[in-house]
Structures are given as C-alpha cells and as structure tokens.
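Structure first, commentary second.
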Amino acid sequence: MVALTFPDGARREYPDNITGFEIAKGISPSLAKRTVAMALDGTLADLHDKITKDAKIEFIPRDDPRAMELIRHDAAHVMAEAVQSLWPGTQVTIGPVIENGFYYDFFRNEPFTPEDFPAIEKKMREIIQRDQPFTKEVWSREEAKRVFREKGENFKVELVDAIPAGEEIKIYKQGEWFDLCRGPHMTSTGKVGGAFKLMKVAGAYWRGDARNPMLTRIYGTAWQTQEQLDQYIHQLEEAEKRDHRRLGREMDLFHFQEEAPGSVFWHPKGWTLFQTLENYIRRRQSDAGYQEVNAPQLMDSSLWVTSGHMAKYREMMFLTEKREEEERQYVIKPMNCPGHVQIFKNGLKSYRDLPYRLAELGKVHRFEPSGALHGLMRVRAFTQDDAHVFISDDQITDEVIAMHRLILSIYKDFGFEDVQVKFSDRPEQRIGEDAVWEKAEAALLRALEIAEYPYTYNKGEGAFYGPKLEYVLRDAIGRDWQCGTVQVDLNLPGRLGAFYIAPSGEKIVPVMLHRALFGSLERFTGILIEHHAGHFPLWLAPLQAMVCTITSDADAYAADVAAAAKKFGLRVDVDLRNEKINYKVREHSLAKVPVLLVVGKKEAAERAVSIRRLGSEKQTVMPLDAALAVLAGEATAPDVKREREAA
RNA sequence: GCCGGCUUAGCUCAGCGGUAGAGCAACCGCCUUGUAAGCGGUAGGUCGUAGGUUCAAUUCCUACAGCCGGCACCA
C-alpha cells in the first residue's frame, strides 16, 4: 500500500503501483479528464506513472502554471514528429524546453528554412488533432541502441550511450512515433493546444561543440492560451523598439559601416552620452583612490609573448606588419594590464605604496569572430573602464570589498539595483600553485561574506590566472547583462617582473587585482539605451532641452533662453524653424528630447517658458530662471548631487 | 569561425529577365502658426561588390563583404 496526501491535506491509502490516472478517475471522471500530469512531492510526473511510495500528490490541469513546460516539451516532440513525417531520413537529436518556448535540433543534409514553417505547423496541428496518448516504455540499453541504429538515428545512439549506468532508458511514444526522452509528458498530443508558433531556424553544433557537425535547430514558442501567445509576440515587438541599434540611428547617436566592422562611429549626441559616462567614472574612481593613466596603444609583441597573451589569444589580436626598415611587430593592445604593470615597474615601489591603483579608460581592440558582432554590445574596438590594483596578498579581501561596494554604488546611480554576483573558481587549465589559488578564492569569498552579498557559484569558470567575481545587472525588461568584474591575478605581475620592497627589504611579487566597472563603455551605453528605451534621465540625455518658438516673433527671446540655459550647464538647442508648434512638439518627442521649452509672445513678454516633458501632455509655465534652476538640479549627476547634499 | 536568411533613395519597404516605385525625411515656395504630422512643388538610386549565364541581369547562378537570427567564442 502507498499513502498519498492530497493538496487539501486528506491522506488516503492505495494499492501499490496504482497510477495517478486511476486515482483521479476514482475521484471523478471529470478530474481524470482535465488532468494532464501529476506532481509527486512537487516533482512533475506522467499521470500514468505507477506510484510506488508514499508521497504528496497533486493533479496538474492544463492551465496550471507548471503545465507550461509540459506543453512546450510536448510541442517539441510533436514538431519532431511533424518534421520526420514531412522529411523522412531527418535525424532527431535533442529538443528541450527553454524560456518562453522550445527547440528541437535536427540533422539533415538539406537545412530547413522559415519557408518550411507553414508546412511543419500544419502537420503539427494534424498531430495535435489526432490527440494520441503519450505512452512511456522502458527499454534496455541494447534494445534502444539496436532500434535507433536500425532507424539510422545515429545521434540517438550516442545519446543512449551517454545515459549513465543504472538510469532508466525511457521511450515516449505518440502513435507510431517515438523518441528517447527523460519526460515527463502530458497524457496526449491534443493537450498541446493551438497556441504555438515556430519562430526561427538556426545552426547549432551537436552537443554544443564547434568540432562537431552542425545541426539545424528550429525554435518555437508555445503557451497555454492564444492570449498569452499574442502577448508574447507583442512583447517581442516592444523589445524590438528599444533595440539600441535602431534607437542609435533614430536618435542620431552613432552608426556602423562596412569599412569598420565592429567599430563605432560616434555622432555628436552619442559621444556626448559616452563622455557623460566617462566623466562619471572618472569622478567615482578618483574618489575611490585610483589614479588615471594612459599606456601605449601599440607595444612590441615580445611583451605579449611574455605575458602569455600571444600564446593564448594570438588569433584574436590585431598585429602590425613587420616592415623593411623595422623588423619589429607590434600588437594593438587587447588588454590594459601589461601596460599598467610597466607603469608599476617604472621606479622602485615600496610596500608603503600599496595598494597602488591604476585606472585607464583604455581603448582595446580584439579580433572578435565576425558572427559574434552585435551593435554596441559586442564590438572589436571598445573602451574599458579598467583598473589594476597592486597589493600584498593580505590586502586582497579589503580591496575586493571596496571594489564590490564601488561597483554596486555605481550601478545604483544608473537605476540598476538588481545585481547578481557570480563567483568563479579555478578552471582545469590554470597556472600557479593550488595553495595560492586556495588563498585567492578564500579571499574573494571572505569579501562577499563580509559584504553580506549573495552570490552564485560557477565551478571552474575562473580565468586561467585567478578566480573572479562577475557582476550581472538586470534591466527594465528583465534581461541580464554581465558588466563588471573583479579578478585576482596571481600570474601577470610575476611573469612581467613586477615586485615591491617589503618591510624586510625583500623583493615581493605583488598580487594584481583586475577590475572593470561598466566593463565596456560602448556596451554599457547600449544597455542604457535599451534599459531606458531611449528616454534617458536628464543627466544622461545628450540633448536635454529644445527651445521651440511658436512664431518668429519669439526668435530673439528663444536665443536668450538657450544662452541662459547653457549658463546653467544644460545641453540645449533651439528650433526656430517656420513650422507649427504641433509639428515641432511631435518631432522632438519622437527624437526623445526630455524637455521642450516652448516660447511665444506671451512667454517672451513675461520672461517665462512653457515646459513640456517627454511622455506627458502637461504644460507648466514658469519664470525662466526658476525653470532653469529646477532643470539644472535634475540634470546633476547622482554622485555630484550626493556630494552637494553632504556638503 | 559555423548554419540559415537578408542587402533596392537618408529611413521603412514594394517590384521585376526588357536598365526602377511608394510613404516618411530632405530641398524650394506659400502659410506666422499656442503643445504629437498645414498646403503645394522639386530633387534623389551604377538595385552591397566582383565575376558568370543571356540578345538583354536590379531580377537567374557563383564568389566575396556587411548585416540579421542562432551556435561556438568572449583575456
């Protein structure tokens, strides 16, 4: 007998091996009919599974939130059947559930294209219409391999081989079609419903390894209701509207062109925004005890050989050609660290100089693979807000805590309060003694503990020279972006011959902490554009206010207003064009100018302005100086504001 | 880098084996206008680049480049 506890707390006994379906049917046929799966002690299971031990049981109806992943997983199976029935000979591989949908990877000599979607979707609807039950069988390893081999499903044979000994080899059937699968599934294909859509095709390597064959992946989305599907599609459209590449063009911030793939042409407004970020970083890191430096863009390749970068990253570095008159080869710097080590090394350093904090807004170039390029988010030339801090090893924890607090405080100023920290420890391929790693990892963890900050653990994901923390922020529409990093480097200082004189007079190799705040300024600009959907807070907006005249009678006064605003430190422009005010308001609203200062005869006579804010239809008429004082206050950077308030 | 798709006017896009079209923007004129498009006119493209097929290519084919979506990569 098994004792089952129901959600209402009732506890009943049933014979061993009874199925969830039988229990549901015993309670009421309608319950059995609307139940698509069950949960045993909170874990989803097939409704027809035999129950062999005491558990809490719940019946999962199709509209239960937990049914979503089942719908998606079943949809993946239905799609796989549809594809194989339309193109026999196509091999199936894996088809998991992902956020908002599912995919299935196929192997076929002829790849699929989106033009195939209507046929596949039609076939899927037929399969769903047939409403065939999902049934599970457990096969022996040998049998499974034999059957898949005979079907020519070579990838499945590999998957069977990969299943650990002692684990069941489960086969799910839907009618004639079957697939190796961990499950669980709903009771029948009909439960998938109609709220699904195939989204895109993509190449994907077998088992995620670039050395393996390329499969065709078909992505789909599936929902419980058509409303949910429609809403999801709508969300995608909205996200597209905040795409920084589109807003960058619409707001005249930057552009890219063929001759410089992966490099940004910053326009005046975009560069204003970029400089606002640079200036902010300069203030923050100067306050935190960093000194800004600038190291050469080109350095002899021998330095990069010594640092180890040539060995590991040669293919991703830009190198100069050797010339007849000079046999040297230079490297366009892909990182700032070797340069900073040179600055540390220049002149003897004492333990009294530590921590020695060098920061640089260094422009680095990396030959990123062409397929990786993506607007500002992944470029070949970018500006790192980089710093290297030279310390003794007993200073690691304190310095890391300081960096940690600095990073969080900076993100907060930009409205990012949901920040995750990832801790990565020693990778398999690494250099240095385990004892040193031990110390570095412990120091990082102690810093997080003292700062009382939660973190996730990425085993073996550290850099080859040391463990690291990575800072991941979440934007307005819930996307995660990895930005800042703190790394302990136990390698480069030694390799590049850095040392300081300890109290004992000994030469000691310092520990080097590597730290980035935004990471890449280009990328962070892109994140800000998407986060705000172009509606920047006043202190970031490249153009903060537009002075618009009603008629040419106000032209002279408009110029006065603009001049006065500039004296308040505001970034303003004037629109004297012979256009109706409606036209001007519309145009500047679309350009996402945060503040419109409208002036006509009336305002000119009273030395006032009519203020209209982006996103609002409200108009507020204020005396000019008062209005500018308010705006100037708002346009003050958060850190400057804090300082003023403290003073 | 790999797989697939795309590339036509500044932007968004239509078109097609017989050397191109719309809307918006731009420019010119009229209108002096009160908070999201006033009216009229003009101009604008070697159809991504290079080859090939053809009497004829923007259209079909091939290569290359860039971009887009993934995958892989990301010091």
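Every chain is numbered from 1, with letters handed out A, B, ... down the list of sequences.
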| message | Restricting to side chain to side chain donor-acceptor pair (under 3.5 Å), what partner residues turn up for A:Lys269, sequence neighbours left out? | response |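 With neighbours one apart ignored, the set is empty.
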May I ask you to verify if any side-chain N or O of [X] is less than 4.0 angstrom from the OP1 or OP2 atom of [N]?
X        : N     : value
A:Tyr583 : B:A25 : yes
A:Asn582 : B:A36 : yes
A:Lys312 : B:A75 : no
A:Arg207 : B:A72 : no
A:Ser370 : B:G1  : yes
A:His374 : B:C74 : no
A:Arg249 : B:C67 : no

| task | Please check if any side-chain donor atom of A:Trp304 sits under 3.5 Å from a side-chain acceptor atom of A:Ser302, or the reverse. | result |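 Checked: A:Trp304/A:Ser302 side chains show no N/O donor-acceptor pair below 3.5 Å.
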| Are A:Gln384 and A:Lys363 close enough that a side-chain donor and a side-chain acceptor fall under 3.5 Å? |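 A:Lys363 and A:Gln384 do not have a side-chain donor-acceptor pair below 3.5 Å.
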Whole angstroms only, please: what is the [atom1]-[atom2] distance between [X] and [N]?
X        : N     : atom1 : atom2 : answer
A:Phe382 : B:A75 : CZ    : C1'   : 9 Å
A:Lys602 : B:U35 : NZ    : C1'   : 11 Å
A:Glu115 : B:C3  : CD    : P     : 19 Å
A:Leu215 : B:A72 : CG    : C1'   : 13 Å
A:His309 : B:A75 : NE2   : P     : 10 Å
A:Arg577 : B:A37 : CZ    : C1'   : 12 Å
A:Ile94  : B:G70 : CD1   : C1'   : 14 Å
A:Asn109 : B:G4  : CG    : P     : 12 Å

Is [Y] paired with [X] through a side-chain N to carboxylate O contact shorter than 4.0 Å?
X        : Y        : result
A:Glu530 : A:Arg479 : yes
A:Glu121 : A:Lys123 : no
A:Glu606 : A:Lys602 : no
A:Glu238 : A:Lys241 : yes

| With rounding to whole Å, what would you report as the distance between B:C6 and B:G15 at their P atoms? |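 Result for the P pair: 13 Å, nearest Å.
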| task | Using a heavy-atom cut-off of under 4.0 Å over every strand shown, decide if A:Pro111 touches base, sugar-phosphate, or nothing. | result |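 Contact class for A:Pro111: sugar-phosphate only.
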Pair of N/O donor and acceptor under 3.5 Å linking [N] base with [X] side chain:
X        : N     : answer
A:Arg378 : B:C74 : yes
A:Tyr205 : B:G70 : no
A:Gln257 : B:G48 : no

| task | Grab the stems for RNA chain B, please: at least three consecutive Watson-Crick or wobble pairs, both distances below 3.5 Å, written as range with range. | result |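 Stem list for RNA chain B: B:1-7 with B:65-71, B:10-13 with B:21-24, B:26-30 with B:38-42, B:48-52 with B:60-64.
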| request: Would you mind telling me which of A:Leu376, A:Ile529, A:Thr525 makes a side chain to side chain contact (heavy atoms under 4.5 Å, CB included) with A:Leu253? | output: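 Exactly one option meets the side chain to side chain contact (heavy atoms under 4.5 Å, CB included) with A:Leu253, and it is A:Ile529.
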| field | Residues touching RNA chain B, which here means a heavy atom under 4.0 Å, drawn from residues 586-593 of chain A | value |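 The stretch gives A:Arg586, A:Ser589, A:Leu590 as the residues lying under 4.0 Å from the strand, ordered by number.
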| Is there a side-chain contact between A:Val585 and A:Arg612, using heavy atoms and a 4.5 Å cut-off? |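 Yes, their side chains come closer than 4.5 Å.
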